[in-house]
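Just so it is clear, the values below take in all heavy atoms, side chains as well, and ignore hydrogens, waters and symmetry mates.
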Amino acid sequence: MERVWQQPCRSCSDGGASTPQLVLYNSLVDRKVPFVPAAGPGSKQISWYTCGPTVYDSAHVGHARNYLSFDIVRRVLEDYFGYSCLYVMNVTDVDDKIILRARRNHLLASYAAAATDSQQVFSDAQAALAAAVDKQRSKLEDAEAALAEAHSADCSGGGAERRREELATCVAQEQLLLSKQEAAAAAASELGAAAGVQQLLDVAGDALAVQLDQRLGATVTDPAIYRAHAAKYEAEFLEDLSALGCRPPTVLTRVSEYIREIVGYVQQIVDNGMAYAIRGSVYFDTQAFRAGGHTYGKLNPWAVGAAALAGECSDGGEKRHPCDFALWKAAKPGEPFWDSPWGTGRPGWHIECSAMASAVLGAKMDIHTGGEDLRFPHHDNELAQAEAFYHSCGCQQWVNYFLHSGHLGIEGLKMSKSLKNFITIRQALESFSPRQLRLMFVLQPWEKKMNYGEQAKEEMRSKEALLRNFFANVEVVLRTQKVAATGQRWEEEERGLAAELDSAQRRVHEALCDNINTQAAMGALSDLVKAANVYLAKRDGAGGPGPQAFLLRSAAAYVTRILSVFGLAPSPGDCLGFAEAPSTAACGGSEAVLDALTAFRDKARGMAKAKAPAAELLAACQGVPDAQATAAGSSGRAADMLAVFVAFQREVEGLAASGAPAWQLLAVCDRVRDDTLVELGIRLEDKPDGSSVWKPEDPAVLRAEQQERQRAAAEARSKKLRSQLDLKSKELEKFEKLAALPSVQEALADKYSQWDPEGGMPTHDKQGAALAGKALDKALKEVEKQRKLRAPLEKKLSEDPACLQTLAAEIRMLRAELEGLQGAASTGENGCA
C-alpha cells in the first residue's frame, strides 16, 4: 500500500543549498521530512499532543525512555529552534487495565485479610497457577499459529517482513510470560502447604487475583476504589517526571474529566456514518471509513488484520468486521460507568486521545508523539477516529508529524509491565542520577531501539565527570587569572581553539537539524571539550603565556548552552522570576578563605616533604589565617570554610610543636583534602609541582568518587589477599601431605628387608639377598628419590620447627581480613541501597 502524506506548505522555508533545514523522522511515511508548522513556514507556534500514562502501576524505565526522549526533543524545538509549543499530555485514568488491577487488588487484599488456613491458601494457589499456565500456553499457541500463518502467506515486501518481525516478538513475549507462570507454579509447589499465607500470596498473588476476579469481580461496585487506584499512580508518575527533570505539559487532560467531550465525539462519528451501536456499545466501522475515502492503518498498514497485534478484547461477536474496534463500551457489573445516548458505559481505549486532543488543539496538530508500541492499534485508530469526526470538513491528515520513540529493551525484549521484566523509574534512580539517566538517552537516537543495562552506569558517570572536570578547569582559570595583568594576544593555539569552537557550533546545528540528532551533537561537544583540555595543557606549563580566559569562557558557555538545551544543565525555561545566574558566588563568598587555606596547605606539605625543621613550620603557622581570609569568613558558607581553616592550622601547629614526624603532617593534609573539604563540596587537586587547586563540586559526587576509590582499593586488597591465601593454602597443603608421608624405610619396606642403621641405606632386598652391583645402584637411586621428595619440608622445619603452625595461623589471618573486607563491602552496598 502506498502511504500518503501531505507536506505542509514550505514556500518560505526553503533555505539555500548550504543552509541545513530541520527534518524529523515522520512515522506516517517512515522517513525524514522537512518540518514546517501548520500555521505556516514563518510561524514559531506549534501544537503537540503526547500519549501520557495509563495509571495502573508504577512507571518504569521504558516509560522514561519515551517521556525523557521527547522532553529532550521538545527542549531542542523550544530552546534551540525557538518554537513556542502548546504541549498537551493525557492521563488515562479510565481503562481496562486500571479497572482490572484496582478490582483485583481490592479482592486480593480482602482475601488476604480473611485467610488463616495456609492449607486452603495453598490449594487455591495451586489451582489458580495451573489455570494461569494453561491460559498462557493457549496464548502462546495462538501467537505461534499467527506467526506460522504469516510465514506461509504468499506475500513479500517490507510490510510483510515487518508484520512477521512483530509477530515473532509477540511469540517471544508470550514465551517469557509462560516461563514466569511455570516458575511461579513450581515455586508454590516447593513452598507447600506448610508455608505461611503471605509467602504463598507473594508467589501466587497475581494468579489468585485473576481467579477471585472471575468469581467476585461483579461485586466490586464502589467507584472510589477505581479512582483512588488511578489517583495514586498518577501522582507517582508526575513525581517521577519531576524527578527526571521533564518539563510539565501546558495542558494535562484526564479521561474522567472529558467524558462529555468523548460522548459527543463518538456521537459525531456515528452521525457521519462511520460507527454503529449494538447493545449499548459503539464500534468504529472500518469498512465505512474506507468507503468514505479514508485510509485505515496509515502508521502500520502491515499490522491491519493481525489479531495478535491488535490487542483488542473479545467483543462477543458484536463487531461487523474483525478490524472494527470499540468507541464506547456498554456497562458491565464491577466497572465504573457514565451516562450516554447508548446507555451507561465507558470510553473505549482509543477514543480518549482523539477527543481530548481535538478539544484542546482542534482539527489539525503539528506533532503527535508516543512509544513505538502504540503505533498500532492505538495511534492508527486515533487517526481514523479524528478523520471520521472531521469527515465533513474533508480531513485527511489530522496529524502532520507522528514521532515514535524506540523501544527500550531488556534481555532482548521490550521492557513492559505485562511482561514483568521492568525496572521502575524510582529503582533506576537508585543507580543513576537524573542527569546520568538523561545523558544515557541524549547519547541515543530518540527513534531507535536501545537496551537498558546497569553497565551503562559507569559509562555515564565517566562522561559526566569529563564535563564536570572541564567546567571546573575553566572556572579555575577565570578565578585565578588577572586579565588586566595578562597578555591577551592570540597565537596559533588560540586560533586553533577558536576554530574548534566554530566547528562545534556548525556541527551541533547540523546535527540538531538532522532529526534532532543529540548523539552527534554531543560528539561535537566532546571534541570541543577535548580541544579545550589540550589547549589548557599547553598553556598551563611554566614559562609560556597563560590560557586566554575569555576564549575558554566562550567555549564553556557554548557547551553549557547546548547541555541546557538538552536538559543536562539548568535552563532559563525551567526557572521563574529573577533567577540568579550560577557563578563562583555559589561558594558563598568563600573564595578568599579557600585560596588562603590552599596556599597554607601547599606550604605545609612542601615543608613536610622537605623535612624542614619544626621551628620553620611553627613560624609558617603564625598569622594564619590572615586578616583578609578572616574578614571574608565572617558569615554563611565562608564561615564554615574559615572554621575548617582554623582547625587545620591548629592541628598543623600542634604537630610542629610536638616534633611529629613528616608522615603525620602529610596525613593531616590528605585528610583535609579527602574528608573535610569533600563534605563542604570542594574538590582539592594536588598538582605535580607541589601546588594545588580547588574547585566547587557537588558533595554527593565527591562522596561517590571517594566510595569508588575505597571500593577499588578494597577490591585490589581483596585480590591480593586471595592470591596470598591461595599460595599459602597450597603451600600448607603440600607440606601437610609431605608430613603425612611414611619414613623412607617404611615407604620402601616392600622392596628392602634390611638397612644400614648408620647410613640409612638398604643392604638386602625383600627376599633377604645382599644388594650388590646394579641392584645396589638401583636401591640408592630409589632412596635418593624419596629423600628429595621430603627435602622441602625438612628444609622448612630446619628453619622453623613450627612452620606448619605458622602457615596455618597466617592463613587464618588472611581469611579473617578477607572476610572483613567482604563484610564491609556488603554493608556499604546495603547502605547505598
Determine, stepwise, if the pair Arg254 / Glu234 fulfils salt bridge (Lys or Arg N to Asp or Glu O under 4.0 Å). CA-CA 10 Å; Arg254 193 178 287 132; Glu234 178 186 333; 2.5 Å; yes
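- Of the possible polar contacts, one joining the Asn26 side chain to the Phe402 backbone as a donor-acceptor pair under 3.5 Å is found.
- Residues passing the side chain to side chain donor-acceptor pair (under 3.5 Å) test with Asp206, sequence neighbours excluded: Lys420.
- Of all the heavy atoms in Trp5 and Asn400, the pair that sits closest is NE1-O, 2.6 Å.
- Closest non-hydrogen pair, Gln45 versus Ala39, comes out as O-CB, 4.4 Å.
- With salt bridges taken as basic N to acidic carboxylate O contacts below 4.0 Å, one links Asp574 and Arg247.
- Judged as a side chain to side chain donor-acceptor pair (under 3.5 Å), the pairs with a partner in residues 362-371 (not counting sequence neighbours) are, in order, Ser47-Asp366, Trp48-Thr369, Thr50-Thr369, His368-Glu382.
- Of the possible polar contacts, none joining the Arg346 side chain to the Glu335 backbone as a donor-acceptor pair under 3.5 Å is found.
- Here the closest non-hydrogen pair linking Asp380 and Gly297 is OD1-C, 3.3 Å.
- Relative ring orientation between Tyr265 and Tyr390 is described as perpendicular, the plane-to-plane angle rising above 60° on a 0-90° scale split at 30° and 60°.
- In terms of modelled atom types and a separation under 3.5 Å, the side chain of Asn90 and the main chain of Gly52 share a donor-acceptor contact.
- Shortest non-hydrogen contact noted between His60 and Ile425 is O-CG1, 3.4 Å.
- A salt bridge does not link Glu372 with Arg65: none of the charged nitrogens is closer than 4.0 Å to a carboxylate oxygen.
- A salt bridge does not link Asp57 with Lys97: every distance from a Lys NZ or Arg NE/NH1/NH2 to an Asp or Glu carboxylate oxygen is 4.0 Å or more.
- The closest donor-acceptor contact from the side chain of Thr169 to the backbone of Glu165 lies under 3.5 Å.
- Classification of the His378-His350 ring pair by plane angle, with boundaries at 30° and 60°, yields tilted.
- Tyr67 pairs by the ring pair (Phe, Tyr, Trp, His ring centres under 6.0 Å) definition with Phe237, not counting sequence neighbours.
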